[in-house]
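The structure appears below as structure tokens.
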Amino acid sequence: MISLTPDTPEKSTNGSIIYNKWTQLILAMTGMIMIANLQYAWTLFVPELQKGFNASRAAVQLAFSLFIALESWGQPIAGFFIDQYSPRLLLTIASFMVGIGWTAMGLVKTLNGLYIAYSLAGIGAAFIYSGAVAAGVRWFEPSRRGLASGLVSAAFGSGAALFIPFIASALKNQGYKMAFVSTGISQSILIIVAAQLMRVPSKKDSGAGKSAGTQQHQFTTVEMFKTLHFWLIYIMFLFIVTGGMVVTAQTKPFGQDAGIPANIIVLAATINTIANGAGRIFWGIVSDKLGRYQTMFLAFTLNGLAMALVPYLGKNPFMFVFLFAMIMFTWGELYALFPAVNADIFGTKYAATNYGFMYSAKGVGGIIGSFVAALVAQLSGWSPVFFTGALMSILAGCGALVLLRMPKPVPPDKKVTI
């Protein structure tokens, strides 16, 4: 019987394979891989859905905007339940939502049906993502938190690489309907299996409070909201996430407008997911050595420079692949660095809830990067889209330098009153 109560044991479970931190990390990564194509393979479906529904690009991309909004804005709610209750029941329910939603996208007859189905998958993905990220930061000590977050988020960033060749083949030979149905069923089954083994660590096994031998204050969400740090981090997240959402949603549409051959676009989409995941691991490891904020500044600035070059060089097939891969390599690490920063500053006890509110910025970025970007490109071309994204990335990098110089927030019970 699946319990709703937390799975936290009363004593250390270091001898158990299930409660081993690396086992839990692998399970978290499995869940992430199974929801990866919901976001990163979407670009391949856009032209086919336009034909199937006889709809404009912006109308089809609205479905992606809804998915991103619910997958991100659902994170605070998902995080609250993940922090309070058993991940097994929640992730099992979420796996059915993902499977039914993604599968139904191949069966619906109207755009409204597409919107509803993709939204359902987005809500399920919110719970899976939240539970997986929480596992990464809870089970590992601060010195390895960047690596753990990087591996978990890399599974989401690169997991679609396993599906893209299959999806591209199915789209060509069987149509988008079969591509949705087959992947929807298979990924749901694997998430269900992983969910049954997910656990939360005991206090002794947890990575919380192990830094420098001191007990870190565990900020509640309300306490976090009262800090300037949170709002600066939120703005940084919003700025850097928007550019990546443009590439995620618009790789194929931009490539078609630029005259890039179809096989090169598929290659770029595949390499994008690999670069996305590799960047999360690479920059996560770098942040454990160099520092979170220094790493953010370096990666986000490089991201902005790559985006600014797309309107000038992106029509060349080689540069199209290279620049988009570079953007994803220097963008995806935000999903490794921000969870680690969240845990470093605000603690791990409420990590899922607190990071959920940070992650909600992705919903706004998703709307801008898909629906709004498609409209702007339709009216004014792609240059304003990529130049705006470049500026936002560079500003996010500058924000990291500001955050570096800010002292850590003082817990409410330690504030000096006069």
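The figures that follow rest on heavy atoms only: side chains count, while hydrogens, waters and symmetry mates do not.
The distance from atom CG of L375 to atom CD of Q61, rounded to the nearest 0.5 Å, is 10.0 Å. Between atom CG of residue L403 and atom NE2 of residue H229 there is a gap of 6.0 Å, rounded to the nearest 0.5 Å. In this structure, CG in L323 is found 13.5 Å from CE in M328, a value given to the nearest 0.5 Å. Annotation: the span from S119 atom OG to L114 atom CG amounts to 9.0 Å, rounded to 0.5 Å. Between atom CD1 of residue I128 and atom CE of residue M34 there is a gap of 10.5 Å, rounded to the nearest 0.5 Å. Rounded to the nearest 0.5 Å, atoms CD1 (I233) and OG1 (T227) are 7.0 Å apart.
Heavy atoms only, all atoms of each residue included: S287 and T295 are closest at CA-OG1, 3.3 Å. The shortest non-hydrogen separation linking L111 to A59 is CD1-CB, 4.2 Å.
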TODO: Evaluate the criterion ring-ring contact (aromatic ring centres under 6.0 Å, His included) for residue pair F225 and F230; output intermediate values, then yes/no.
DONE: CA-CA 6 Å; F225 283 158; F230 168 76; 5.2 Å; yes
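Counting only heavy atoms from C-beta outward, the side chains of T388 and I368 never approach each other to under 4.5 Å. Looking only at side-chain heavy atoms (C-beta outward), D257 and W382 come within less than 4.5 Å of each other. Side-chain contact check for W283 versus L298: some heavy-atom pair is nearer than 4.5 Å. For the pair L401 and Y293, the minimum side-chain heavy-atom distance is 4.5 Å or more.
Considering only residues two or more places apart in sequence or on other chains, E333 meets the salt bridge (charged side-chain N to carboxylate O under 4.0 Å, His left out) condition with none of them. Residues satisfying the side chain to side chain contact (heavy atoms under 4.5 Å, CB included) criterion with L120, sequence neighbours excluded, are M97, I100.
Between the S130 side chain and the F127 main chain, no donor and acceptor come within less than 3.5 Å of each other.
Heavy-atom contacts from other residues, nucleotides or ligands closer than 6.0 Å to CG of L391 number more than 12. The number of heavy atoms from other shown groups lying within 6.0 Å of CZ (F322) does not exceed 12. Sparse packing is recorded around CG of N54, with 12 or fewer heavy atoms of other residues, nucleotides or ligands lying under 6.0 Å away.
The aromatic rings of Y129 and Y359 sit tilted relative to each other, their planes meeting at an angle between 30° and 60°. Using the six-membered ring where Trp is involved, F53 and Y176 have ring planes that are tilted, between 30° and 60° apart. Classified by interplanar angle (parallel below 30°, tilted 30° to 60°, perpendicular above 60°), the ring pair F254/F386 is perpendicular. Classification of the F45-F180 ring pair by plane angle, with boundaries at 30° and 60°, yields parallel.
Ring-centre distance between F282 and F329: below the 6.0 Å cut-off. For F324 and F320, the distance between ring centers is under 6.0 angstrom. For F67 and W42, the distance between ring centers is not under 6.0 angstrom.
Listed by first then second residue, pairs satisfying side chain to side chain donor-acceptor pair (under 3.5 Å) with a partner in residues 298-324 read N303-T330, N303-S393, not counting sequence neighbours.
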